[in-house]
2 protein chains.
Amino acid sequence: MIDYPTLLQTFKQLLKDNGLKFTNQREVILKMLYEHDDHFTPEALHHLIKDNYPQLNVGIATVYRTLGLLEDNGIINSISFDAKGKKYEFGLKKHHDHLICTRCGKLIEFYDKMIEEQQKLIAKNFHFLMTDHTMNILGICETCQKANKPQEKI
Amino acid sequence: MIDYPTLLQTFKQLLKDNGLKFTNQREVILKMLYEHDDHFTPEALHHLIKDNYPQLNVGIATVYRTLGLLEDNGIINSISFDAKGKKYEFGLKKHHDHLICTRCGKLIEFYDKMIEEQQKLIAKNFHFLMTDHTMNILGICETCQKANKPQEKI
DNA sequence: CTGACTGCAAAATCTTTGCAAAGAC
DNA sequence: GTCTTTGCAAAGATTTTGCAGTCAG
């Protein structure tokens, strides 16, 4: 995976190329997503940053604006799992797919060689030059299954 | 696919089994989703119903409540596409995935048995109760590869 | 009759926007 | 110094909830 100094360099160049400015807020948001191999809602990320960099006093609006910026440039990815918004993860890492719990929103990453191979085959059969793919398996995670064993809501 | 009278019967039984009542509003919402092979936001569905059954005067809250009820029982599915909410579709039909051309935006549906089976296996390994899954293969279609047209956003 | 359902409006969430002050270059 | 960015608060957009009247069984 890309190392942090290189990532930072790339990010700075990207900003420069677009007449944008490199700010502490932008760096901290990038860094948090790089360092944590996890998926964050904008709000969770905001909390995390406030805890780690209280003196910066980052506003939630800046978090949203920076996430949009990073996503537009392919540095992070977002996943929509329900009506309660998106989750973001650092994007420049090994390809993987997701299991998403539709009750608690938990995301689990997985990689399956057979599926990757099969996708290549499908693309080939349709004479498609595959550049990317996403797969989400939606369902109910083990914890939620146990927690809600008796079906109550009709 | 299930025929409407059977679906209605199933729905009524489901309600009865849970001490819930069969109402005109609930039937109309079910019927709309059954009859249209399309994806609706709650708001779009609300409009459609108001246009078709103006005398019922269905409230948006009832649409949300009924969609939740139907989804919880697997009669309809929801898809999250961005932070702006979900779309719903009738759920008791054949699954398919998509190939998407990033140059011309063409969308090709496909179904692959091996991938479907493999997904089940993955869900099982994670003790996930799979309710749905989506797979999109992004790339360049045959036509666009030949045309070698300049890249543009979908 | 009784308890569930409904529409309405208000509240709750989540995200975006306007703006004056602060900051990057 | 100039133009972008920021935090704040207000506005938007979407979804949920409280409640009194209505309706199904």
Side-chain angles (χ1 to χ4, degrees), chain A residues 8-9 11-30 32 39-47 49-50 53-73 76 78-88 102-105 152-154, chain B residues 8-9 11-30 39-47 49-50 53-73 76 78-88:
Chain A
L8 203 55
Q9 198 48 48
F11 184 47
K12 283 183 176 174
Q13 190 59 46
L14 191 100
L15 292 171
K16 184 175 282 182
D17 292 348
N18 289 280
L20 302 175
K21 300 185 175 181
F22 180 74
T23 64
N24 287 327
Q25 288 85 341
R26 284 176 176 166
E27 189 193 345
V28 162
I29 291 167
L30 174 68
M32 279 289 155
H39 303 77
F40 297 105
T41 60
E43 198 205 351
L45 190 59
H46 184 223
H47 272 295
I49 290 168
K50 293 208 114 179
Y53 301 89
Q55 77 289 356
L56 254 189
N57 194 28
V58 175
I60 187 73
T62 296
V63 174
Y64 275 103
R65 284 183 286 226
T66 303
L67 288 173
L69 174 69
L70 292 170
E71 187 180 17
D72 286 347
N73 287 283
I76 63 175
S78 70
I79 301 166
S80 297
F81 50 101
D82 67 12
K84 289 287 167 59
K86 301 179 186 179
K87 280 188 175 178
Y88 292 84
T102 53
R103 293 236 171 118
C104 68
E152 34 173 85
K153 245 194 144 185
I154 180 184
Chain B
L8 202 55
Q9 198 47 48
F11 185 46
K12 282 182 177 175
Q13 190 58 49
L14 191 94
L15 292 171
K16 184 175 284 182
D17 291 347
N18 289 280
L20 303 176
K21 299 186 173 178
F22 180 74
T23 64
N24 287 327
Q25 287 86 340
R26 284 176 176 168
E27 189 193 346
V28 162
I29 291 167
L30 175 68
H39 301 77
F40 297 105
T41 60
E43 199 205 350
L45 190 59
H46 184 223
H47 272 295
I49 290 168
K50 293 207 113 177
Y53 301 88
Q55 78 287 357
L56 254 190
N57 194 28
V58 175
I60 187 74
T62 296
V63 173
Y64 275 102
R65 285 183 284 226
T66 303
L67 288 173
L69 174 69
L70 292 169
E71 187 179 16
D72 286 348
N73 287 284
I76 63 175
S78 69
I79 302 166
S80 297
F81 47 103
D82 66 13
K84 290 287 166 61
K86 301 180 186 179
K87 280 189 176 177
Y88 292 85

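All chains are named by letter (A, B, ...) in the order of the sequence lines, taking the proteins before the strands, and each is independently numbered beginning at 1.
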Notebook entry, point to check: When the distance from CG of A/L20 to P of C/dG23 is rounded to whole Å, what number comes out?
Noted result: 19 Å
Checklist line | Length of the line joining B/N57:CG and D/dG21:P, which is rounded to integer Å | finding: 18 Å
Note to self: Does a side-chain N or O of A/T23 approach OP1 or OP2 of D/dT4 to a distance below 4.0 Å, or not?
What the structure shows: no
Next item on the list: Establish, with yes or no, whether the OP1 or OP2 oxygen of C/dG23 is under 4.0 angstrom from a side-chain nitrogen or oxygen of A/Q25.
Entry: no
Margin query: Ignoring hydrogens and geometry beyond distance, is the side chain of B/K21 in donor-acceptor contact with the base of D/dC23 at under 3.5 Å?
Written below: no
Item checked: A/E43 or A/A61, whichever maps to the more 5' nucleotide of DNA chain C -> A/E43
Next item on the list: Could you state the atom-to-atom distance from CZ of A/R65 to C1' of C/dC14 in whole Å?
Entry: 15 Å
Next item on the list: Might you point out which heavy atoms bring B/L45 and B/V63 nearest each other, and give the distance in Å?
Entry: CD2-CG1, 4.2 Å
Check: Where do B/T41 and B/K87 come nearest, in terms of heavy atoms and distance?
Finding: CG2-CG, 3.8 Å
Notebook entry, point to check: B/I60 CD1 to D/dT16 P: how many Å, rounded?
Noted result: 11 Å
Notebook entry, point to check: So, is A/N24 close to the D/dT5 phosphate, meaning a side-chain N or O under 4.0 Å from OP1 or OP2?
Noted result: no
Next item on the list: Write down the distance between CZ (B/F22) and C1' (C/dG3), rounded to a whole number of angstrom.
Entry: 19 Å
Next item on the list: Could you tell me which non-hydrogen atom of B/R26 sits nearest to which non-hydrogen atom of B/L20, and how far apart they are?
Entry: NH1-CB, 4.0 Å
Notebook entry, point to check: Just how far, in rounded Å, is P of C/dA4 from CZ of B/R26?
Noted result: 11 Å
Next item on the list: Verify whether one side chain among A/E71 and A/S78 offers a donor that lies under 3.5 Å from an acceptor in the other.
Entry: yes
Next item on the list: May I have the distance from A/Q55 (atom CD) to C/dG23 (atom P), rounded to whole angstrom?
Entry: 13 Å
Item checked: Separation of D/dG25 P from B/L15 CG (nearest whole Å) -> 9 Å
Notebook entry, point to check: Within the structure, does a side-chain N or O atom of A/T41 lie under 4.0 Å from either OP1 or OP2 of C/dC14?
Noted result: no
Notebook entry, point to check: In this structure, are over 12 heavy atoms from other groups packed under 6.0 Å from A/Q13 atom CD?
Noted result: yes
